[in-house]
Amino acid sequence: MAARLYLDHAATTPMLPEAVTAVTEGMAHWANPSSPHGDGRAARAALEDARRRIAAAYGWAHELLLTSGASESLAIAMNRSVAARRLITAVEHDAVLRLGEGAALLPVTAGGLLDLEALAGALQGGGRTLVCVQWANSETGVRQPTAAIADIVHGAGGLLLVDAAQMPAHADAEVLRHADLVAVSAHKRGGPPGVGALLVRDLGVLLPTGGQEKGYRAGTENLPGALGYAAAVEMPEDLAEMARLRARLEAAILGAGGEVVGAESPRSPLIGAYRMPDVSSAAQLIRFDLAGVAVSAGSACSSGSMRPSHVLTAMGWAEPALREVVRVSFGRSTTEGDVDRFAALWRATFAEARARAA
């Protein structure tokens, strides 16, 4: 039997050996970084070195608050910014939609891109506004135009928060130049779960609550996690190779009669969403899993739900097509052989479904 094939890296990607080593060593030399004694001071020095390394890997020259992950980073930014109101796009991750309950939803185009005219209109009046957009959609991979959005937001005196949980280090200079707040995650980049960061251009835009992390997050710092995060993001990701592999898969799927979601828009090379006409995503996932292949029907936080994708709905998709899409996401370990194996399985699954329907 062939080994299982993992193509769900957008949900989480396996920890890199370098990260495992760093976490293990951190646990072996653990002490509370807030303790005043020598052991605590040594832990503090290691924590601050990890913070510096993480910021350097992203190319961020401002403040970095360590958190338990992107969801907490988003919660700090959404709930504790000095903005009077919040705007979010209709295709944001479920974590943002939950945090943004009561916030105005901004529409997107059929290609999944934020409607910039609607954004400009929504920013008129109402006081200082925090606008949250994603670096890349976790279901479709569609990339938002950060620079153009920032120009509109900052022109209206607002703040721009970017959910960059899916963003590799050094992947987007626009984010680094234009965002006020950026939420990032370790476990999407080969680091350990349970650690992330909030990149902050100016701490003055956040209300402190006391405790650790310069008073912006309470709780004992996760030194082993921070060390593992630093080790992971320092390892390069070959985005050009992943783009080549995704293009190879998409050529095969299109040639077999499938559809690529958001193909006309800029997309992350790490994520693709594909429709198999007249075959439900649930049926596809069962068939793929039985064949030893792990993919998903959307973000991990919502893939177990029977609700239709809010992302595809916002892009104008309707029943039954929006229930016929699966997500394939690539990682450092993905090979051309992996792509060809999945493409063959996709073609076989589609052919079997059409034969049954004939």
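The shown structure was predicted, so the numbers you read here are calculated from the model rather than taken from an experiment.
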Q. Have Thr146 and His178 got a donor and an acceptor in their side chains that come within less than 3.5 Å?
A. no
(Q) My understanding is that a hydrophobic cluster links ILVMFWY residues whose side chain heavy atoms are under 4.5 Å apart, including indirect links. Using that, what else belongs to the cluster containing Leu113? (A) Val142
(Q) Let's go through Ile88 and Cys132 carefully: what are the C-alpha distance in whole Å and the side-chain angles of both, what is the deciding distance for side-chain contact (heavy atoms from CB on, under 4.5 Å) to 0.1 Å, and is it a yes or a no? (A) CA-CA 5 Å; Ile88 61 178; Cys132 181; 3.8 Å; yes
Q. If we only count heavy atoms from C-beta on, is the Lys214 to Pro208 side-chain gap below 4.5 Å?
A. no
Q: Can you sort out the partners of Thr313 under side chain to side chain donor-acceptor pair (under 3.5 Å), two or more places apart, ordered by chain and number?
A: none
(Q) Treating Gln144 as the side-chain partner and Gly112 as the backbone partner, does any N or O pair qualify as donor plus acceptor under 3.5 Å? (A) yes
Q. If two hydrophobic side chains count as joined below 4.5 Å and joins carry through other members, does Ile54 share a cluster with Leu16?
A. no
Q.
Donor-acceptor pair, distance only, cut-off 3.5 Å: does the side chain of Lys188 make one with the backbone of Thr13?
A. no
Q.
Could you tell me if the side chain of Arg189 sits less than 4.5 Å from the side chain of Val184, heavy atoms only?
A. no
Q: Have a look at Thr334 and tell me which of Glu241, Arg246, His9 forms a side chain to side chain contact (heavy atoms under 4.5 Å, CB included) with it.
A: His9
Q: May I have all residue pairs that pass side chain to side chain donor-acceptor pair (under 3.5 Å) and include part of residues 27-40, sequence neighbours excluded?
A: Ser34-Glu221
Q: Give the minimum heavy-atom separation between Ala136 and Arg143, together with the two atoms involved.
A: CB-CD, 3.9 Å
Q | Any residue meeting salt bridge (Lys or Arg N to Asp or Glu O under 4.0 Å) with Asp340, in chain and number order, not counting sequence neighbours | A | Arg248
**Q.** Gly194 versus Asn222, closest heavy-atom pair with distance
**A.** O-ND2, 3.6 Å
Q) Is it the case that more than 12 heavy atoms not belonging to Glu319 sit under 6.0 Å from its CD atom? A) yes
Q. Should Trp135 and Leu116 be counted in the same cluster of Ile, Leu, Val, Met, Phe, Trp and Tyr side chains packed under 4.5 Å apart?
A. yes
Q. Can you tell me how far the OG atom of Ser329 sits from the CG atom of Leu7, to the nearest 0.5 Å?
A. 7.0 Å
Q: Could you pull out the closest heavy-atom pair between Val23 and Gly228, with the gap in Å?
A: CG2-CA, 3.7 Å
(Q) Nearest 0.5 Å, please: how far is CG in Leu249 from CZ in Arg341? (A) 13.5 Å
(Q) Can you tell me how far apart OG (Ser71) and CG (Asp94) are? Round to the nearest 0.5 Å. (A) 10.0 Å
Q) Which residue pairs pass the side chain to side chain donor-acceptor pair (under 3.5 Å) test when at least one of the two sits in residues 48-60, sequence neighbours left out? A) Arg44-Glu48, Glu48-Arg51, Asp49-Arg52, Arg51-Glu213, Arg53-Glu234, Tyr58-Tyr229
Q. Do His310 and Glu139 have side chains that get closer than 4.5 Å, going by heavy atoms?
A. yes
**Q.** side chain to side chain donor-acceptor pair (under 3.5 Å) involving Tyr6 - partner list, sequence neighbours excluded
**A.** none
Q) Are Phe342 and Met276 in one and the same hydrophobic cluster, where Ile, Leu, Val, Met, Phe, Trp and Tyr link if side-chain heavy atoms are under 4.5 Å apart? A) yes
Q. What heavy-atom pair brings Val108 and Ala314 nearest, and what distance separates the two atoms?
A. CG2-O, 3.6 Å
Q: Kindly compute the distance separating CG (Asn137) from CD (Glu92), expressed to the nearest 0.5 Å.
A: 8.0 Å
Q.
Please report the interatomic distance CG(Leu123) to CG(Leu119), rounded to the nearest 0.5 Å.
A. 4.5 Å
Q | Separation between OG1 of Thr24 and CG of Leu227, rounded to the nearest 0.5 Å | A | 11.0 Å
Q. With sequence neighbours left out, what residues match Tyr216 under side chain to side chain donor-acceptor pair (under 3.5 Å)?
A. none
Identify each donor-acceptor pair in which a side-chain atom of residues 268-275 lies under 3.5 Å from a protein atom, sequence neighbours left out, and give them as a table.
{"unit_1": "Ser268", "atom_1": "OG", "unit_2": "Leu270", "atom_2": "N", "d": "3.1"}
{"unit_1": "Tyr274", "atom_1": "OH", "unit_2": "Glu250", "atom_2": "OE2", "d": "2.8"}
{"unit_1": "Arg275", "atom_1": "NE", "unit_2": "Glu324", "atom_2": "OE1", "d": "2.8"}
{"unit_1": "Arg275", "atom_1": "NH1", "unit_2": "Glu259", "atom_2": "OE1", "d": "3.4"}
{"unit_1": "Arg275", "atom_1": "NH2", "unit_2": "Glu324", "atom_2": "OE1", "d": "3.0"}

Q. Does Ser265 reach the main-chain N or O of Gly111 with its side chain, forming a donor-acceptor pair under 3.5 Å?
A. yes
Q.
Grouping I, L, V, M, F, W and Y whenever their side-chain heavy atoms are under 4.5 Å apart, do Val96 and Leu106 come out in a common cluster?
A. no
**Q.** Which atom of Ala70 lies closest to which atom of Ala183, heavy atoms considered
**A.** O-CB, 4.0 Å
For residues 151-171, dump all side-chain donor-acceptor pairs below 3.5 Å to protein atoms at least two apart in sequence or in another chain.
{"unit_1": "His154", "atom_1": "ND1", "unit_2": "Ala150", "atom_2": "O", "d": "3.4"}
{"unit_1": "His154", "atom_1": "NE2", "unit_2": "Asp180", "atom_2": "OD2", "d": "2.8"}
{"unit_1": "Asp163", "atom_1": "OD1", "unit_2": "Ala165", "atom_2": "N", "d": "3.2"}
{"unit_1": "Gln166", "atom_1": "NE2", "unit_2": "Ala10", "atom_2": "O", "d": "3.0"}
{"unit_1": "His170", "atom_1": "NE2", "unit_2": "Ala56", "atom_2": "O", "d": "3.2"}
{"unit_1": "His170", "atom_1": "NE2", "unit_2": "Ala57", "atom_2": "O", "d": "2.8"}

Q: Report the residues that fulfil side chain to side chain donor-acceptor pair (under 3.5 Å) with Glu352, sequence neighbours left out, ordered by chain and then residue number.
A: Arg287
Q | Residue pairs passing the side chain to side chain donor-acceptor pair (under 3.5 Å) test where at least one lies in residues 76-87, sequence neighbours excluded | A | Arg85-Thr129
**Q.** For Ala19 against Gly191, the heavy-atom pair lying closest together
**A.** CB-CA, 4.2 Å
Q. Linking I/L/V/M/F/W/Y whenever any side-chain heavy atoms sit under 4.5 Å apart, do Val233 and Leu47 land together?
A. yes
Q. Are the side chain of Arg217 and the backbone N or O of Ile76 linked by a donor-acceptor pair below 3.5 Å?
A. no
Atom pairs and distances, side-chain donor-acceptor, residues 197-207, under 3.5 Å, sequence neighbours left out:
{"unit_1": "Arg201", "atom_1": "NE", "unit_2": "Ala179", "atom_2": "O", "d": "2.9"}
{"unit_1": "Arg201", "atom_1": "NH1", "unit_2": "His62", "atom_2": "NE2", "d": "3.0"}
{"unit_1": "Arg201", "atom_1": "NH2", "unit_2": "Leu176", "atom_2": "O", "d": "2.7"}
{"unit_1": "Arg201", "atom_1": "NH2", "unit_2": "Arg177", "atom_2": "O", "d": "3.4"}
{"unit_1": "Arg201", "atom_1": "NH2", "unit_2": "Ala179", "atom_2": "O", "d": "2.9"}
{"unit_1": "Asp202", "atom_1": "OD1", "unit_2": "Gly204", "atom_2": "N", "d": "2.9"}

Q) Can you check whether Ala147's main-chain N or O pairs, donor with acceptor, with Glu174's side chain at less than 3.5 Å? A) yes
Q | Flag, side chain of Gln134 to backbone of Val91, donor-acceptor distance under 3.5 Å | A | yes
Q | Any side-chain heavy-atom pair of Arg4 and Asp289 under 4.5 Å | A | yes
Q | Charged N-O contact under 4.0 Å between Arg327 and Asp8 | A | yes
